[in-house]
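Worksheet: the structure to be examined is printed underneath.
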Amino acid sequence: MQFNNLIVHIENRVGVITINRPKKLNALNKDTILELHHSIKSLDADNDIRVVIITGSGDKAFVAGADISEFSDFDVQQAAQLSREGQVMLFDFIENLSTPVIAAINGFALGGGLELAMAAHFRVASVNARMGLPEVSLGVIPGYGGTQRLAQLVGKGRALEMIMTAQMIDATKAEHWGLVNAVIPEEELLPYCFSLAEKIKQNGPLSISAAIKAVNANFKEGICGYDVEISEFAKCFGTDDFKEGTYAFLEKRKAKFTGQ
Ligand code: COA
């Protein structure tokens with residue numbers, strides 16, 4: 001896959017997307033958002049890919065935000081369109097993807113960068129990572145789901161503190177607050193994410209997709225997560241993966257899941 005703003009490579013059934021605008025600290029312009037959508041869609045459509053890792057190029061930033069130069073003279077309508085299109089095309093799209101997505105936060109994750117990381121299924125940070133939603137320092141609020149997902153992840157009080165002060169938190173605090181699952185030395189960040197991907201790959205891919213749907217249902221207005229869990233749980237029983245997983249256990253062998 002060839003992109004102008006991304007490097008995409010596949011290793012051991014894991015798709016790694018590196019956002020590659022280091023001179024702009026990997027800020028998300030319109031083209032990058034579109035390319036992220038297309039690259040993630042095509043990795044998700046490939047049955048061979050079991051996990052997607054998103055990271056940033058260089059040693060300074062994961063993503064330093066939405067590209068401020070692109071929206072500084074937008075009016076109210078254009079702003080609504082930017083926010084809505086971005087949420088649908090990228091942030092909600094990632095959150096609801098059937099393939100697990102890990103954000104490897106290798107430096108600044110600010111504004112749209114933190115929102116991107118929060119749309120992933122979970123996050124791992126390098127020790128030098130710094131995270132924040134500094135939009136109010138620009139006279140605006142987060143527009144790519146940040147007000148919702150930050151509060152879900154760290155709680156309302158901590159989310160409002162981060163948003164209202166526009167201050168960054170370091171990786172240790174982010175781990176303490178539950179924003180990232182682990183903090184890893186810079187050079188070990190990707191190997192660590194690969195080791196997590198290895199563990200995920202051992203398990204039934206259809207059941208992993210079902211788990212994503214069921215967990216996400218908890219955060220969807222008007223949807224009963226318990227009902228979604230019942231239906232996803234039941235659907236697993238109709239898959240070859242379920243038969244393989246249970247027979248393998250009973251036969252004391254390692255399951256070989258096909259994703260069927
Ligand atoms: N949008 C557009 N360009 C950005 C950017 C963004 N969100 N974040 C960084 N850049 C650009 C800078 O304009 C600069 O470009 P230039 O060299 O052409 O002037 C380049 O990336 C390097 O950034 P710089 O500010 O010089 O690096 P720094 O190490 O001094 O500071 C940050 C790093 C992350 C603290 C600082 O870049 C910053 O505050 N960025 C904006 C963060 C933000 O508000 N994000 C939310 C956007 S909604």
Side-chain angles (χ1 to χ4, degrees), residues 3-7 17-37 54-95 103-120 123 125-154 158-174 177 179-180 183 186 189:
F3 296 99
N4 293 325
N5 304 295
L6 309 176
I7 301 165
I17 300 175
T18 306
I19 300 163
N20 189 32
R21 297 183 76 213
K23 287 189 181 143
K24 294 290 172 192
L25 301 186
N26 305 320
L28 294 179
N29 61 0
K30 212 175 166 190
D31 286 351
T32 309
I33 288 182
L34 198 62
E35 289 187 357
L36 277 166
H37 172 83
I54 303 178
T55 194
S57 69
D59 52 12
K60 202 167 165 184
F62 171 70
V63 169
D67 193 320
I68 298 167
S69 65
E70 278 192 343
F71 59 75
S72 54
D73 55 4
F74 273 15
D75 64 21
V76 171
Q77 277 76 31
Q78 288 170 306
Q81 192 178 350
L82 177 81
S83 174
R84 189 174 301 283
E85 281 182 2
Q87 289 197 19
V88 171
M89 190 187 299
L90 189 58
F91 300 82
D92 296 352
F93 181 67
I94 291 176
E95 184 171 67
I105 305 178
N106 59 313
F108 289 115
L110 302 174
L114 182 56
E115 290 173 303
L116 176 66
M118 291 193 295
R123 290 141 292 286
S126 58
V127 284
N128 63 321
R130 303 191 73 196
M131 284 149 262
L133 291 180
E135 284 86 349
V136 297
S137 71
L138 303 169
V140 65
I141 66 165
Y144 288 146
T147 60
Q148 307 304 296
R149 292 193 181 99
L150 186 61
Q152 287 165 9
L153 286 164
V154 305
R158 286 167 171 168
L160 278 170
E161 180 185 326
M162 279 180 73
I163 291 168
M164 290 194 289
T165 61
Q167 295 298 298
M168 301 180 207
I169 59 170
D170 64 16
T172 308
K173 192 178 231 185
W177 281 8
L179 184 53
V180 301
V183 179
E186 281 158 74
L189 178 65

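Computed over heavy atoms, backbone and side chain alike; hydrogens, waters and symmetry mates excluded. One-based numbering, in listed order, for ligands and for the atoms of each.
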Please tell me if [atom] is touched by the protein, where touching means a protein heavy-atom distance below 4.0 Å.
atom                    : result
atom 19 (O) of ligand 1 : no
atom 13 (O) of ligand 1 : no
atom 43 (C) of ligand 1 : yes
atom 31 (O) of ligand 1 : no
atom 36 (C) of ligand 1 : no
atom 26 (O) of ligand 1 : no

Which ligand 1 atoms does [X] reach within 4.0 Å, using its non-hydrogen atoms?
X      : result
Lys23  : 20 (C), 21 (O), 22 (C)
Leu110 : 34 (C), 42 (C)
Lys60  : 27 (O), 28 (P), 29 (O)
Asp67  : 1 (N), 2 (C)

Considering all heavy atoms, the nearest [X]-[Y] contact:
X      : Y      : value
Ala125 : Val180 : CB-CG1, 4.0 Å
Ala171 : Ser126 : CB-O, 3.5 Å
Leu133 : Pro142 : CD1-CG, 3.9 Å
Val136 : Ala166 : CG2-CB, 4.0 Å

| query | Of Gly112, Gly65, Ala66, Pro142, which has the heavy atom at the shortest distance from atom 6 (C) of ligand 1? | reply | Ala66

| said: Please state which option from Ala64, Ala61, Gly107, Gly111 has its nearest heavy atom closest to atom 45 (N) of ligand 1. | reply: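 Going through Ala64, Ala61, Gly107, Gly111 one by one, Ala64 has the nearest heavy atom to atom 45 (N) of ligand 1.
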
Quick one: [atom1] on [X] to [atom2] on [Y], what's the gap to the nearest 0.5 Å?
X      : Y      : atom1 : atom2 : value
Lys173 : Met168 : NZ    : CE    : 13.5 Å
Phe108 : Asn26  : CZ    : CG    : 12.0 Å
Met131 : Trp177 : CE    : CH2   : 11.5 Å

| request: Give a yes or no on this: more than 12 heavy atoms of other residues, nucleotides or ligands lie within 6.0 Å of atom CD of Gln87. | output: yes

Among all the protein's non-hydrogen atoms, which is closest to [atom], and how far away is it?
atom                    : value
atom 5 (C) of ligand 1  : Ala27 CB, 4.0 Å
atom 1 (N) of ligand 1  : Ile68 N, 3.0 Å
atom 23 (O) of ligand 1 : Leu25 CD1, 3.6 Å
atom 15 (O) of ligand 1 : Lys24 NZ, 3.4 Å

| said: Do the side chains of Asp92 and Arg149 get close enough for a salt bridge, i.e. N-O under 4.0 angstrom? | reply: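 A salt bridge is present here (some side-chain N lies under 4.0 Å from a carboxylate O).
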
| request: Measure up the Tyr144 and Phe91 rings against each other and bin them: parallel (under 30°), tilted (30 to 60°), perpendicular (over 60°). | output: parallel

| request: Please determine, by modelled atom types, if Thr18 and Asn20 share a side-chain donor-acceptor pair under 3.5 angstrom. | output: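 The answer is no; no qualifying pair exists.
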
| Can you tell me if Pro134 has a non-hydrogen atom under 4.0 Å from ligand 1? |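 Yes, Pro134 has a heavy atom closer than 4.0 Å to ligand 1.
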
